[in-house]
Amino acid sequence: MKKIYSEKEIREIARSLIGKTFGELNDFEISDDDYGKGSFGYILEEDVYQYGANSKSEPDFEEAGIELKVTPYKRNNNGTLSAKERLVLNIINYMNEYKNTFYTSDFWNKNKRLQIVWYLYEPDKLRSNFKVTHELLFEFPEKDLRIIKNDWQIIIDKIKAGKAHEISEADTMYLGACTKGASSKSVRKQPFSDIMAKQRAFSLKTTYMTQLVRKYIANEDFEELDYSFDTEFSFENDIKQRLRKYKGLSVNELSKLFGIVNEPKHLLDIIISRLFGIKGKVSNTNEFSKANIITKTIRINKNNRMIESMSFPAFKFTEIVNHEWEESDLYTYFSTTKFMFAVFKQKDDDEYYFEKVVFWNMPLSILDTELRGVWKKTVDIIKSGNIVKEIKNGIVYNNFPKLSDNHYCHVRPHGRNKDDVYPLPVPDKLTGVVEFTKQCFWLKNKYIQDIINSED
DNA sequence: GCATGATCATGC
DNA sequence: GCATGATCATGC
């Protein structure tokens with residue numbers, strides 16, 4: 001028989017879990033090998049709360065209107081805490097969800113109140129020894145809810161446009177649509193296109209969950225952006241609006257305006273921070289962190305050209321060869337990261353002037369084709385050990401995909417200097433070296449330029 | 001002016 | 001000391 005809990009009872013039980021391991025909470029003797037992905041949730045459902053199965057679109061505790069979630073966090077090498085995963089919520093029913101408004105949606109019905117149970121993930125421990133450490137009855141703060149409503153609408157608009165198969169987690173800020181299913185072949189029908197779309201679930205992004213962990217577990221504070229709540233509110237438009245008044249001001253004028261002395265290399269970055277009226281980096285603010293928005297400054301020279309391609313974190317040769325595409329760092333990075341490009345344009349006086357900001361994320365259609373190809377080629381080269389092409393005048397030429405090979409993406413060095421290396425899984429055939437200058441994937445300047453030109 | 005390798009500068 | 005965003009240097 002189904003048990004009915006009041007909110008108070010739910011909370012009391014959640015509190016009673018703190019300090020216990022999953023091994024202690026589990027009635028049956030599950031061997032450690034049998035702890036699967038969902039087993040901690042299962043233990044709470046079956047052994048702790050014993051509420052049994054319920055109808056899918058209702059929250060776990062229907063009468064109290066509370067959904068139960070168990071989720072891991074981890075301690076990083078530098079001592080900070082992070083969420084280990086996104087928080088996966090209900091599967092998106094493409095055929096129905098679009099008929100709803102936000103407040104009648106399956107998402108809202110099921111997830112408006114979340115009883116979160118946190119456990120500490122420790123890589124060296126058996127899973128049965130993972131311990132529950134914190135709990136929280138979570139409701140979305142009003143400021144977040146405005147953004148989440150907007151996120152929900154972005155996902156719905158893609159379904160309505162017959163583009164459910166093009167939905168990317170990076171389309172939205174806090175509420176993502178992550179893939180869910182046994183494999184990438186888990187697909188389902190969508191209402192306005194014959195193309196089968198990957199099965200996806202609403203989820204709170206890993207970065208959003210990390211902020212919750214840092215706020216509620218580590219008790220940290222973050223600088224918050226001050227943005228307006230217009231009726232037509234969207235975060236991106238609000239940011240663009242407030243930056244518009246600085247358009248046409250030179251770097252020099254902006255430096256004076258914000259009292260920046262000298263001309264450090266990251267001057268543009270500082271200016272952007274000051275444009276937002278914050279002390280630290282824009283990307284460290286509450287909003288940008290939660291939404292996983294990375295800022296990049298772009299300079300367009302007076303001949304209307306973006307000189308430099310765009311670099312990203314270096315990859316490890318030994319790790320990149322061990323991943324399938326969909327679990328690779330490159331795929332993860334571009335399928336979950338949104339960018340804010342701050343564009344500065346050079347005029348005839350050689351000075352750079354603030355132009356605009358452009359929000360962008362990599363379309364899946366390019367990520368899954370072009371970037372995948374470049375990534376695959378790179379992996380194959382590393383695996384074969386066929387890395388160095390020739391050494392001429394002390395310059396080491398390699399076989400990695402070149403700028404001229406692909407309109408979107410290529411590979412180039414990225415370290416302090418060429419002696420800044422990572423180990424190779426296979427020694428280089430030509431030279432026999434067992435480590436090589438750090439490399440990263442770059443996005444081609446012309447591709448980025450097309451993106452920023454297509455706006456405004 | 002472009003392609004590609006190499007390196008700088010800052011923050012943590 | 002290292003990771004990362006950003007930019008430089010050289011040869012064609």
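Bear in mind the structure is a predicted one, so any value in this text is a computation, not a measurement. So that the names make sense, note that chain A is the first sequence line, chain B the second, and so on, each numbered from 1.
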Salt bridge A:R11-A:E135, side-chain N to carboxylate O under 4.0 Å: yes

So, is A:N284 near the phosphate of B:dC12, with a side-chain N or O under 4.0 Å from OP1 or OP2? yes

If the cut-off is 4.0 Å, is A:Y352 near the phosphate of C:dT7, judged by side-chain N/O to OP1 or OP2? no

Check the distance between C:dC2's P and A:N76's CG and give it to me in whole angstrom. 18 Å

Kindly point out which of B:dA6, C:dA3, C:dT7 is positioned nearest to the side chain of A:K438? C:dA3

Quick one: A:W442 CH2 to B:dA3 C1', roughly how many Å, whole number? 12 Å

What's the closest nucleotide to the A:P413 side chain, out of C:dA3, B:dA6, B:dT4? B:dA6

State whether A:K281 places a side-chain N or O below 4.0 Å from either non-bridging phosphate oxygen (OP1 or OP2) of B:dG11. no

Rounded to the nearest Å, what distance is computed from the CZ atom of residue A:F339 to the P atom of nucleotide C:dT4? 13 Å

How are the rings of A:Y208 and A:F140 set relative to one another: parallel (under 30°), tilted (30 to 60°) or perpendicular (over 60°)? tilted

Toward the 5' end of DNA chain B, by each residue's nearest nucleotide, A:E308 or A:D419: A:E308

Can you see if the side chain of A:N303 gets near the phosphate of B:dG1 - specifically, an N or O under 4.0 Å from OP1 or OP2? yes

Between C1' of B:dT4 and CE of A:M310, the distance in whole Å: 18 Å

Assess whether a salt bridge exists between A:D380 and A:K376, defined as any Lys/Arg side-chain N lying under 4.0 Å from an Asp/Glu carboxylate O. yes

Indicate, with a heavy-atom threshold strictly under 4.0 Å, whether A:F400 touches base, sugar-phosphate, or nothing. nothing

Carboxylate-amine/guanidinium contact A:K131 A:E122, below 4.0 Å: no

Check every strand shown and say whether A:D405 touches a base, only sugar-phosphate, or nothing at a heavy-atom separation below 4.0 Å. nothing

Distance, rounded to the nearest Å, where A:N445 contributes CG and C:dG5 contributes C1': 16 Å

Can you check the A:E390 CD to B:dT4 C1' distance for me, whole Å? 12 Å

Could you verify whether a donor N or O on one side chain and an acceptor N or O on the other, from A:T71 and A:R86, lie under 3.5 Å apart? no

So, is A:R416 close to the B:dA9 phosphate, meaning a side-chain N or O under 4.0 Å from OP1 or OP2? no

Polar pair under 3.5 Å, donor/acceptor by atom type, side chain A:S404, base B:dA3: no

Less than 4.0 angstrom between a side-chain N/O of A:N398 and OP1 or OP2 of B:dT4, yes or no? no

Given side-chain hydrogen bond (donor to acceptor under 3.5 Å, both in side chains), test A:E67 with A:N111 step by step and report yes or no. CA-CA 6 Å; A:E67 176 77 1; A:N111 303 299; over 6 Å; no

Take the protein atom CG of A:D420 and the nucleotide atom P of B:dG5, then report the distance between them rounded to whole Å. 16 Å

Base, sugar-phosphate, or nothing: which does A:H414 touch, judged by heavy atoms less than 4.0 Å apart? base

By nearest-nucleotide position on DNA chain C, the 5'-leaning member of A:I395 and A:S309 is A:S309

Tell me whether the side-chain N/O atoms of A:R299 come closer than 4.0 Å to OP1 or OP2 in C:dT7. yes

Closest to the A:K296 side chain: C:dC8, C:dA6, C:dT4? C:dA6

Would you mind telling me which of B:dT4, B:dC2, B:dA6 lies closest to the side-chain atoms of A:Y397? B:dT4

Report yes if a side-chain nitrogen or oxygen of A:T297 is closer than 4.0 Å to either non-bridging phosphate oxygen (OP1 or OP2) of C:dA6; otherwise report no. yes

Atom CD1 of A:I270 to atom C1' of C:dA6: distance rounded to whole Å? 13 Å

